[in-house]
J.: 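I have a structure here, written as structure tokens, and I will follow up with some questions on it.
Letters A, B, ... are given to chains in the order of the sequence lines, protein chains preceding strands, and every chain is numbered from 1. Bear in mind that the values here come from a model prediction, so they are computed numbers and not experimental data.
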Protein chains: 2
Amino acid sequence: MSDVAARAGVSHQTVSRVLNNPDQVRLDTRERVQQAIDELGYRRNGAARALATARSRTIGILTIGNAHFGPSSTVNSVESAARSRGYFVSVSSLESSGESAAHRALAQLVDQGVDGIIVVAPLMDVAQVVERAAPSVPVVVAAANPNAEPTKMVRYVCVDQRAGARLAVEYLIRLGHRKIAHVSGLDSWIDASERLAEFRNVANENDIEALEFPADGWAAADGYAVGLQRAEQIRSEQGPTAIFAANDYIAQGLLRAFWECGIRVPQDISVIGFDDVESSEYFIPSISTVRQPFDLLGQAAMEALTSVQLGDAPTGGRFEAVLEPELIVRGSCAPAPSTQS
Amino acid sequence: MSDVAARAGVSHQTVSRVLNNPDQVRLDTRERVQQAIDELGYRRNGAARALATARSRTIGILTIGNAHFGPSSTVNSVESAARSRGYFVSVSSLESSGESAAHRALAQLVDQGVDGIIVVAPLMDVAQVVERAAPSVPVVVAAANPNAEPTKMVRYVCVDQRAGARLAVEYLIRLGHRKIAHVSGLDSWIDASERLAEFRNVANENDIEALEFPADGWAAADGYAVGLQRAEQIRSEQGPTAIFAANDYIAQGLLRAFWECGIRVPQDISVIGFDDVESSEYFIPSISTVRQPFDLLGQAAMEALTSVQLGDAPTGGRFEAVLEPELIVRGSCAPAPSTQS
DNA sequence: TGACGCCGCTCCCGCAAAGCT
DNA sequence: CAGCTTTGCGGGAGCGGCGTC
């Protein structure tokens with residue numbers, strides 16, 4: 001910087017001013033300085049700036065790796081929202097589950113000196129770690145945490161999981177299904193337990209027989225295993241006529257298992273998924289599902305983070321933003337057999 | 001830090017030594033200092049450290065967003081490899097295509113003061129930008145760039161795309177197919193053009209009739225469009241009996257289109273994909289494909305970056321590491337009809 | 001507009017005490 | 001015991017900007 005100053009024949013803080021408050025410098029000197037900067041290819045040193053201003057211009061993202069569709073989509077949108085606001089983005093993926101890993105990752109981010117953190121890991125224990133950590137930097141948790149309790153430093157945004165589950169189940173009910181199974185995801189996931197809870201609610205409200213087929217994970221393989229295991233039951237008269245799968249991959253596994261077992265979808269059983277992953281539309285049959293607005297979620301998270309940084313009080317609600325999912329009707333659901341007859 | 005020093009009754013220098021070179025300070029003082037650190041909850045300031053050492057302990061990842069399976073898997077593995085080596089990871093996604101965007105993103109990372117950059121964007125123009133930028137920090141490009149020319153600062157690692165294409169096409173040939181189409185991906189992608197080039201080679205070597213059906217992208221929708229458009233041709237006697245799709249999503253779209261058109265896979269036509277995405281195994285029929293070792297690629301990239309930082313000379317080859325893909329045989333390919341008769 | 005101090009840390013050097021020949 | 005190295009620790013400068021006077 002002093003090189004630039006020397007070349008432009010001014011002092012180094014004039015250079016600094018040109019960079020930070022251009023209007024405080026007379027036009028001609030400003031241009032002279034700018035020219036010197038260009039000629040020397042001068043670039044400000046981020047570390048020095050961070051040290052002097054106590055702001056790193058970096059936000060941290062705490063996530064669970066990109067193996068999962070929802071979190072990975074959200075990270076993407078957070079990243080672009082952050083960068084468009086001039087922030088660098090530092091990503092930290094949870095290597096393993098468990099509170100200690102979450103705690104370490106959080107501490108790592110704080111140590112790095114991030115100006116804020118967005119948590120894209122809809123896991124109950126991660127949310128708890130954040131709550132209890134009482135972090136010194138603003139944190140926004142992107143998850144439909146039922147225990148969300150905004151504080152000075154931590155806020156919440158989410159896609160309304162319950163509304164999504166309701167969309168799916170009520171759609172099935174409208175099709176005449178009276179016996180519906182839910183293949184639930186990992187119960188350590190907030191999303192999974194929210195969807196399950198609302199599945200129960202809606203079934204209850206409508207006097208629907210509700211079956212629960214828990215899966216061992218979110219992957220197609222897990223849905224496949226459940227499908228094989230429940231095939232017998234589904235073929236029987238007492239079996240469910242529709243299934244609400246906790247996500248699309250599970251639905252895909254289910255479809256595959258049913259196909260192998262000679263159970264036709266949607267004639268013998270209807271299946272609806274969640275998330276609208278790319279391949280669902282092209283599956284055979286194409287999979288009806290509930291789409292979550294992950295792009296908006298990232299933006300909302302970034303906005304919420306900014307408002308915390310500005311010292312704004314919580315908006316009053318438990319969430320700074322609640323986004324609505326959308327029902328996508330395709331070919332994997334049909335009217336219940338009994339209605340047809 | 002001076003607080004800690006005061007509390008432990010030592011100088012700030014000793015505290016620094018405890019943190020950096022513990023063995024240079026006597027056990028009892030070291031413990032005293034450590035205790036003071038714990039009691040005060042002291043954490044080193046990263047920005048100050050970066051300023052003083054001229055090392056940010058951060059590596060940058062330049063990628064194209066996580067919409068694509070390969071890059072996103074690679075980013076994941078790079079991230080974990082980097083963090084296990086004690087690096088923070090700053091991610092910058094290309095918002096748009098084009099050299100200027102790539103240039104900006106690269107500059108942004110450099111400005112931030114990263115210690116190295118790993119490029120996970122297998123695009124020709126991105127690779128060119130990196131080459132021409134003659135960056136001041138070590139860069140590793142994870143792409144099978146045919147023009148790879150390792151320099152002092154930039155190195156290459158890759159999965160052997162040509163070997164992968166060969167695996168797929170020779171498998172089809174072994175099944176007796178003599179007329180094979182390749183649905184190629186975006187030709188701005190290095191991977192796509194490498195696979196296409198090798199498809200031509202292998203076809204040529206084996207006296208195979210090679211058809212090329214370019215797709216407008218990597219998505220299932222693109223494969224679907226091609227499938228619809230080529231259905232007529234495929235049904236005819238002169239049509240290909242097998243298709244090598246540039247990736248699994250395209251293969252999925254193809255399968256869907258064929259299903260809609262009453263073309264049976266694999267009876268009427270064989271289809272093989274590339275990448276082995278999660279849903280491929282559960283598709284109907286399950287999709288034969290070529291798996292790329294993305295996890296190893298990330299590690300290899302990180303290793304290469306470390307070796308550049310250490311000032312090691314290039315290994316001699318054009319790539320620091322060339323990883324081998326693997327053929328995954330499933331249900332979407334069958335012997336050619338002519339062989340069966 | 002310019003001069004000065006400071007952000008928090010690391011590195012270079014210097015000094016003292018202890019151990020060696 | 002002189003003269004040396006080794007070990008353990010402290011003082012001060014400076015990294016490259018920013019803020020106040």
Side-chain angles (χ1 to χ4, degrees), chain A residues 1-38 40-58 86 88 107-115 136-137, chain B residues 1-37 40-58 86-88 107-108 110-115 136-137 309:
Chain A
M1 186 172 223
S2 53
D3 295 348
V4 176
R7 189 179 182 91
V10 297
S11 81
H12 61 107
Q13 44 293 51
T14 303
V15 178
S16 176
R17 268 193 280 264
V18 169
L19 262 13
N20 297 318
N21 307 82
D23 36 316
Q24 284 180 16
V25 180
R26 225 181 7 205
L27 184 63
D28 59 338
T29 37
R30 199 196 312 165
E31 282 174 344
R32 201 147 35 88
V33 171
Q34 190 57 53
Q35 188 181 348
I37 288 176
D38 293 342
L40 265 46
Y42 167 77
R43 321 247 53 175
R44 265 188 299 202
N45 180 312
R49 247 152 72 86
L51 180 58
T53 58
R55 287 193 48 216
S56 61
R57 281 147 253 268
T58 296
F88 301 118
Q108 192 219 33
L109 249 18
V110 174
D111 282 1
Q112 193 187 354
V114 296
D115 295 339
S136 51
V137 298
Chain B
M1 184 174 231
S2 55
D3 295 348
V4 175
R7 187 178 183 95
V10 297
S11 80
H12 65 109
Q13 168 64 307
T14 304
V15 178
S16 175
R17 265 194 281 261
V18 170
L19 262 13
N20 298 317
N21 306 83
D23 37 318
Q24 283 180 18
V25 18
R26 225 182 357 183
L27 183 62
D28 58 339
T29 38
R30 197 195 314 165
E31 283 175 342
R32 202 149 32 88
V33 171
Q34 191 56 56
Q35 189 181 348
I37 289 175
L40 266 46
Y42 166 76
R43 323 244 53 173
R44 260 188 304 199
N45 180 312
R49 242 152 76 89
L51 180 59
T53 59
R55 287 193 49 215
S56 62
R57 280 148 255 266
T58 297
Y87 281 99
F88 301 117
Q108 192 218 34
V110 174
D111 280 3
Q112 193 188 356
V114 296
D115 295 340
S136 51
V137 299
Q309 286 170 335

J.: Identify, with sequence neighbours excluded, every residue that meets salt bridge (charged side-chain N to carboxylate O under 4.0 Å, His left out) alongside A/Arg30.
T.: none

J.: Side-chain contact test, heavy atoms from C-beta onward, threshold under 4.5 Å: evaluate it for B/Val114 versus A/Phe88 and give yes or no.
T.: no

J.: Using a heavy-atom distance cut-off of less than 4.0 Å, which residues of residues 41-55 of chain A contact DNA chain D?
T.: A/Tyr42, A/Arg43, A/Arg44, A/Asn45, A/Ala48, A/Arg49, A/Leu51, A/Ala52, A/Thr53

J.: Grab the two heavy atoms, one from B/Ser56 and one from B/Gly113, that are nearest each other, plus how far apart they are.
T.: OG-O, 2.6 Å

J.: Which part of the nucleic acid, if any, lies within contact of B/Thr29, taking any heavy atom under 4.0 Å across all strands shown: a base, the sugar-phosphate backbone alone, or nothing?
T.: sugar-phosphate

J.: Output all residues satisfying side chain to side chain contact (heavy atoms under 4.5 Å, CB included) with A/Ala52, sequence neighbours left out; order by chain, then residue number.
T.: none

J.: Starting at the 5' end of DNA chain D, which residue's closest nucleotide do you reach first, B/Arg26 or A/Ser16?
T.: B/Arg26

J.: Residues in side-chain hydrogen bond (donor to acceptor under 3.5 Å, both in side chains) with B/Gln35, at least two apart?
T.: B/Glu39

J.: Can you sort out the partners of B/Gln34 under side chain to side chain contact (heavy atoms under 4.5 Å, CB included), two or more places apart, ordered by chain and number?
T.: B/Val18, B/Ile37, B/Asp38

J.: Between B/Gln13 and B/Ser11, is a side-chain hydrogen bond (donor to acceptor under 3.5 Å, both in side chains) present by the stated rule, with each step listed?
T.: CA-CA 5 Å; B/Gln13 168 64 307; B/Ser11 80; over 6 Å; no

J.: Give the first and the last nucleotide of DNA chain D, reading 5' to 3', that has any atom under 4.0 Å from a heavy atom of chain B.
T.: D/dG8 to D/dG16

J.: Mind checking what makes side chain to side chain contact (heavy atoms under 4.5 Å, CB included) contact with B/Asn20, not counting sequence neighbours?
T.: B/Ser16, B/Arg44, B/Arg49

J.: Would you indicate whether the side-chain heavy atoms of B/Asn45 and B/Met1 approach each other to under 4.5 Å?
T.: no

J.: Between the protein and nucleotides 12-15 of chain C, which nitrogen or oxygen pairs are less than 3.5 angstrom apart?
T.:
unit_1: C/dC12; atom_1: N4; unit_2: B/Gln13; atom_2: NE2; d: 2.6

J.: Quick one: closest heavy-atom pair of B/Thr14 and B/Val25, and the distance?
T.: CG2-CG2, 4.4 Å

J.: Applying salt bridge (Lys or Arg N to Asp or Glu O under 4.0 Å), which residue pairs with at least one partner in residues 10-28 of chain B are found, sequence neighbours left out?
T.: B/Arg26-B/Asp28

J.: Angle, rounded to 10°, between the helical axes spanning five pairs at each terminus of the helix from C/dG2-D/dC21 to C/dG19-D/dC4?
T.: 40°

J.: May I have the distance from A/His12 (atom NE2) to C/dA3 (atom C1'), rounded to whole angstrom?
T.: 8 Å

J.: Among residues at least two apart in sequence or on other chains, which ones pass side chain to side chain contact (heavy atoms under 4.5 Å, CB included) with B/Arg55?
T.: B/Thr53, B/Arg57, B/Tyr87, B/Asp115

J.: List for me each residue that meets salt bridge (charged side-chain N to carboxylate O under 4.0 Å, His left out) alongside B/Asp111, sequence neighbours excluded, and say none if there are none.
T.: A/Arg43

